[in-house]
Protein chains: 2
Amino acid sequence: MSDLLERLRARGWRMTSQRRVVAQVLDGDHTHLTADEVHARSARLLPEISRATVYNTLGELVSLGEVIEVSTDGRAKRYDPNAHHPHQHLVCASCGMIRDVHPTGDPLADLPAQERFGFTVSEAEVTYRGLCPACA
Amino acid sequence: MSDLLERLRARGWRMTSQRRVVAQVLDGDHTHLTADEVHARSARLLPEISRATVYNTLGELVSLGEVIEVSTDGRAKRYDPNAHHPHQHLVCASCGMIRDVHPTGDPLADLPAQERFGFTVSEAEVTYRGLCPACA
DNA sequence: TCTTGACTGAGACTCTGTCCATCGTAGGAT
DNA sequence: ATCCTACGATGGACAGAGTCTCAGTCAAGA
């Protein structure tokens with residue numbers, strides 16, 4: 001993640017203080033922040049940063065593949081900086097907490113051709129739901 | 001689905017024209033409508049039906065277990081009336097279309113105990129993503 | 001240093017969903 | 001068949017998340 005700024009620069013993107021701050025916030029915390037939380041934390045470092053800029057930057061990071069967008073509950077999307085290690089998510093149905101998990105097996109292999117209906121299937125996302133120790 | 005009205009009545013629920021219309025809309029179409037689409041289609045049959053009523057009724061159907069709420073993209077929730085047959089979803093990354101699919105294997109079995117972090121895991125939801133024939 | 005166009009800020013706007021006070025009516029009671 | 005009343009419907013206000021617009025700014029190449 002620390003060389004993210006280099007990768008952005010290599011793509012011809014301008015290196016602004018706002019982008020640096022957003023990258024720093026994501027880099028320092030792996031708790032799947034919402035866009036609004038990213039904005040709040042960024043604003044501590046750079047008070048005048050705007051919501052639009054945070055949304056733009058997050059969108060850029062997602063399309064660059066540096067960050068994964070997770071929407072587990074139909075509410076706010078969350079941003080997962082752990083994009084370089086494939087993993088799935090375990091979500092607490094009560095408090096919404098998310099943990100990264102690494103199941104065995106490949107769900108893509110479980111979808112036979114006749115169940116693909118002509119789709120070009122590229123990805124399988126597994127969300128485990130349950131209660132975390134604190135909520136159980 | 002056609003005896004949904006009977007099941008609702010058995011629970012002591014009032015049978016209103018609005019509820020009948022919402023059930024009819026869901027019954028007639030298995031394309032995973034959004035709440036707003038359900039409202040639009042209901043309004044064709046019963047022009048004065050309100051958004052709040054559609055949301056309320058959908059919520060009731062979900063808690064009754066007649067309909068499954070699916071949020072695949074962090075935007076609008078979609079409502080899947082095929083609640084009585086366990087299945088997963090295949091989503092087109094371009095147009096958002098959803099198909100029900102029936103993969104082999106059990107993703108819950110793929111999550112070893114040491115990857116559960118004390119959670120009581122009750123459910124695994126798999127979302128396959130790709131491009132549908134029309135968008136490929 | 002100058003120039004330029006990509007980036008930012010501010011806020012209005014859209015979309016999705018919820019809440020609330022008030023009105024209407026389904027269905028049991030008579 | 002008619003009446004009652006609690007449950008459900010209405011519609012408008014509200015809230016949260018995200019997008020868009022456009023004027024102004026500034027990073028980085030010339």
Side-chain angles (χ1 to χ4, degrees), chain A residues 4-25 32-64 67-80 96, chain B residues 4-25 32-43 45-64 67-80 96 98:
Chain A
L4 165 62
L5 301 183
E6 284 316 311
R7 285 196 288 271
L8 286 169
R9 197 192 304 277
R11 287 210 173 191
W13 290 8
R14 282 215 212 156
M15 203 37 53
T16 67
S17 54
Q18 290 83 352
R19 286 174 170 183
R20 254 188 291 268
V21 162
V22 170
Q24 190 179 336
V25 164
H32 304 77
L33 301 166
T34 64
D36 221 51
E37 286 164 352
V38 172
H39 177 231
R41 298 197 184 194
S42 300
R44 283 190 220 144
L45 302 168
L46 191 66
E48 66 277 19
I49 194 170
S50 78
R51 259 171 15 103
T53 298
V54 171
Y55 275 101
N56 287 340
T57 306
L58 288 172
E60 288 157 3
L61 292 173
V62 169
S63 63
L64 185 60
V67 161
I68 294 172
E69 206 173 61
V70 188
S71 55
T72 52
D73 60 352
R75 299 186 63 81
K77 291 174 194 162
R78 291 173 178 273
Y79 293 88
D80 178 356
Chain B
L4 164 64
L5 300 182
E6 283 317 310
R7 285 196 290 269
L8 286 169
R9 196 191 305 277
R11 288 211 171 190
W13 289 11
R14 282 214 209 155
M15 204 37 54
T16 67
S17 53
Q18 290 84 353
R19 286 175 169 183
R20 254 189 289 270
V21 162
V22 170
Q24 190 180 333
V25 164
H32 304 78
L33 301 166
T34 64
D36 219 54
E37 286 164 352
V38 173
H39 178 232
R41 297 196 185 197
S42 300
L45 303 168
L46 191 66
E48 66 279 19
I49 194 170
S50 79
R51 255 169 21 101
T53 298
V54 171
Y55 276 100
N56 287 341
T57 306
L58 288 173
E60 288 156 2
L61 291 173
V62 168
S63 64
L64 185 61
V67 161
I68 294 172
E69 207 173 61
V70 188
S71 56
T72 52
D73 60 353
R75 297 187 63 83
K77 291 174 194 161
R78 291 173 176 274
Y79 294 88
D80 179 355
I98 302 181

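Throughout, protein chains are lettered first and strands after them, A, B, ... in sequence-line order, and every chain is numbered starting at 1. The structure displayed is predicted, hence computed values, not measured ones. Just so it is clear, the values below take in all heavy atoms, side chains as well, and ignore hydrogens, waters and symmetry mates.
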Participant: Can you tell me whether the side chain of A/Arg51 and the base of C/dA10 have a donor-acceptor pair closer than 3.5 Å?
Facilitator: no

Participant: On DNA chain D, compare the nucleotides closest to A/Ser17 and B/Ser17; which residue's is nearer the 5' end?
Facilitator: B/Ser17

Participant: Among C/dC7, C/dG9, C/dT18, which is the nearest nucleotide to the side chain of B/Tyr55?
Facilitator: C/dT18

Participant: Tell me what A/Ala52 touches on the nucleic acid: a base, only sugar-phosphate, or nothing, going by heavy atoms under 4.0 Å.
Facilitator: base

Participant: Round to the nearest Å and state the distance from B/Met15 atom CE to D/dG8 atom P.
Facilitator: 10 Å

Participant: Between the side chain of A/His39 and the main-chain N/O of A/Ile49, is any donor-acceptor distance below 3.5 Å?
Facilitator: yes

Participant: Could you tell me the separation between the CG atom of B/Leu8 and the C1' atom of D/dG8, rounded to a whole number of Å?
Facilitator: 13 Å

Participant: Rounded to the nearest angstrom, tell me the gap between atom CZ in B/Arg78 and atom C1' in C/dG17.
Facilitator: 15 Å

Participant: Taking atom C1' of C/dG11 as reference, at what distance in whole Å does atom NE2 of A/His39 sit?
Facilitator: 13 Å

Participant: Take the protein atom CG of B/Leu58 and the nucleotide atom P of C/dT16, then report the distance between them rounded to whole Å.
Facilitator: 14 Å

Participant: In whole angstrom, what separates A/Glu37's CD from D/dA17's C1'?
Facilitator: 13 Å

Participant: With a 4.5 Å heavy-atom cut-off, do B/Leu61 and B/Val22 have their side chains touching?
Facilitator: yes

Participant: To the nearest Å, give me how far apart CD1 (A/Ile49) and C1' (C/dG9) are.
Facilitator: 10 Å

Participant: Consider the side chain of A/Thr16, meaning its heavy atoms from C-beta on, and name the nucleotide among D/dT10, D/dA27, C/dA10 that approaches it most closely.
Facilitator: D/dA27

Participant: So if I take every side-chain heavy atom of B/Gln18 and compare against C/dT8, D/dG18, D/dT10, which nucleotide ends up nearest?
Facilitator: D/dT10

Participant: Would you say the side chain of A/Thr57 lies within less than 4.5 Å of the side chain of A/Glu60, judging by non-hydrogen atoms?
Facilitator: yes

Participant: The side chain of B/Arg19 is closest to which nucleotide in this list: D/dG8, C/dG9, D/dT10?
Facilitator: D/dG8

Participant: Any chance you could measure A/Lys77, atom NZ, to A/Thr34, atom OG1, to the nearest 0.5 Å?
Facilitator: 12.0 Å

Participant: With a 4.5 Å limit on heavy-atom distance, are the side chains of B/Tyr79 and B/His32 in contact?
Facilitator: no

Participant: Could you give the CD-to-P distance, from B/Glu48 to D/dG12, as a whole number of Å?
Facilitator: 14 Å

Participant: Both B/Trp13 and B/Ala35 contact DNA chain C. Which one's nearest nucleotide lies toward the 5' end?
Facilitator: B/Ala35

Participant: Identify which nucleotide among C/dA10, C/dG27, D/dG18 has an atom closest to any side-chain atom of B/Arg9, counting heavy atoms from C-beta outward.
Facilitator: C/dG27

Participant: Pick the nucleotide of DNA chain C nearest each of A/Gly12 and B/Tyr79; which residue has the one closer to the 5' end?
Facilitator: A/Gly12

Participant: Quick one: which of D/dT10, D/dG8, C/dT8 gets closest to the side chain of B/Arg14?
Facilitator: D/dG8

